[in-house]
Amino acid sequence: MDLSDAALLLAAGLAAGTVNAVAGGGSLITFPALLAVGLPPVSANVSNSVAVSPGYLASVAGSRMDLPRGRTLWSLLPTAVLGAVAGCVLLLVTPARAFELVVPFLVLGATAVLAFQDPLRRLVGHPAELSPRRRAVTAQAMVAVCTVYGGYFGAAVGVMLVAGLALVLDATLTRVTAIKNLLSAVVGLTTVVVFALFGPVNWAAAAVVAPATLIGGYLGARLVRRLPPVVLKTMIVVFGTVIGLYLLWRALR
């Protein structure tokens, strides 16, 4: 790795950490950067998952004041761990092609759910109108699906988490984003453990990207607290749409 490669990875890590804290999808910055410096696709994917995980921890630190108190949040964490492990196993033991074709539609679908959140709530019922049991089961199901995806590929897992949780939780978007940061951090730490033991991680590249994602993640989380909800929602929807279309183009080319 020469100096220009390191500079590219540092810039990508800073941008990805910021984007992950605000909307999710920062891996679509670091993943192509890792490919550009010569890593094979699977190694780039695995190394990327390891490298961006510190940024999620910084995002949690920056948004910790917006996390809800109580058992509901903590009950989601074991589901996130199990989902991430399942996604990691899928990546390591199955061909990637079939899932690559499904991923763009998952991202675009999640973005559409967030964009049309209010009409969907009128259709399925506002979270405040649901029974506690139904709300809890639905939230667990949303987290399970999103974290399996996060363990497998990871890009736009934040968009998917925000879209799903905003539909089933009676909370502000700022609070949902803080929950997303915590769950993303859990997924990130889980992938670090699994891929460190069993994945083809390029540790040199990960060591360059990781510190930059820490800085970007903290700055992005602080930015979220200053954004009006409509601006934050618009940013997530726009970025999610761009990510989904990019993934679809890459899968079909």
Side-chain angles (χ1 to χ4, degrees), residues 12 16 20 24-53 55-56 76-113 139-165 180 183-203 205-206 209-210 213 240 242-253:
N20 278 337
S27 290
L28 285 180
I29 301 172
T30 48
F31 180 65
L34 290 165
L35 292 176
V37 300
L39 270 66
V42 173
S43 179
N45 189 20
V46 170
S47 302
N48 176 71
S49 295
V50 171
V52 301
S53 58
Y56 292 131
L76 298 174
L77 301 188
T79 302
V81 172
L82 293 175
V85 170
C88 292
V89 172
L90 281 173
L91 175 65
L92 295 175
V93 304
T94 64
R97 181 58 182 165
F99 198 82
E100 284 179 358
L101 293 172
V102 175
V103 165
F105 298 100
L106 292 175
V107 175
L108 290 172
T111 304
V113 167
Q140 293 284 355
M142 287 288 188
V143 170
V145 171
C146 292
T147 54
V148 168
Y149 167 83
Y152 187 93
F153 184 51
V157 65
V159 175
M160 298 180 73
L161 281 168
V162 169
L165 294 174
K180 175 266 295 182
L183 294 175
S184 296
V186 171
V187 172
L189 290 174
T190 303
T191 58
V192 167
V193 173
V194 175
F195 291 149
L197 294 174
F198 305 108
V201 179
N202 186 302
W203 291 104
V209 176
T213 66
V242 172
I243 291 171
L245 293 176
Y246 168 78
L247 288 172
L248 183 60
W249 170 80
R250 197 183 67 170
L252 297 178
R253 66 177 179 175

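Below, all heavy atoms of this structure are taken into account, side chains as well, without hydrogens, waters or symmetry copies. Small disclaimer: the values here were computed from a predicted structure and weren't measured.
Using a 4.5 Å cut-off on side-chain heavy atoms (C-beta onward), Val186 and Leu76 make no contact. In this structure the side chain of Leu101 never reaches within 4.5 angstrom of the side chain of Leu248, judged on heavy atoms. Two residues are said to be in side-chain contact when any heavy atoms from C-beta on lie closer than 4.5 Å; Trp203 and Val50 meet this criterion. A heavy-atom distance below 4.5 Å is not found between the side chains of Leu189 and Tyr56. Within the 4.5 Å cutoff, side-chain heavy atoms of Val143 are placed close to those of Leu165.
Nearest heavy atom pair, residue Val187 against residue Gly150, reads CG1-C, 3.9 Å. The shortest non-hydrogen separation linking Val81 to Thr190 is O-CG2, 3.9 Å. Between Asn45 and Tyr152, the shortest heavy-atom contact is ND2-O, 3.4 Å. Between Ser184 and Leu161, the closest heavy-atom pair is OG-CD1, 3.7 Å. Closest approach of Gly151 and Thr191 over heavy atoms only: CA-CG2, 4.0 Å.
Listed by chain and residue number, nothing satisfies the side-chain contact (heavy atoms from CB on, under 4.5 Å) test with Val145 (two or more places apart in sequence, or in another chain). Residues satisfying the ring pair (Phe, Tyr, Trp, His ring centres under 6.0 Å) test with Phe195, not counting sequence neighbours, are none. In terms of the side-chain hydrogen bond (donor to acceptor under 3.5 Å, both in side chains) criterion, Thr213 has no residue partners (sequence neighbours excluded). Residues satisfying the side-chain contact (heavy atoms from CB on, under 4.5 Å) test with Leu197, not counting sequence neighbours, are Val193. Applying the side-chain contact (heavy atoms from CB on, under 4.5 Å) rule to Ala33 yields the partners Leu8, Leu9, Ala12; only residues at least two apart in sequence or on another chain are considered. Remark: Phe198 engages Leu92, Val194 in a side-chain contact (heavy atoms from CB on, under 4.5 Å) (not counting sequence neighbours).
Remark: side-chain polar atoms of Thr30 are not paired, donor with acceptor, to backbone N or O of Asn48 under 3.5 angstrom.
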When the side chains of residues 35-44 are checked against the rest of the protein, which donor-acceptor pairs come out under 3.5 Å, sequence neighbours left out?
residue, atom, partner, partner atom, Å
Ser43, OG, Pro200, O, 3.0

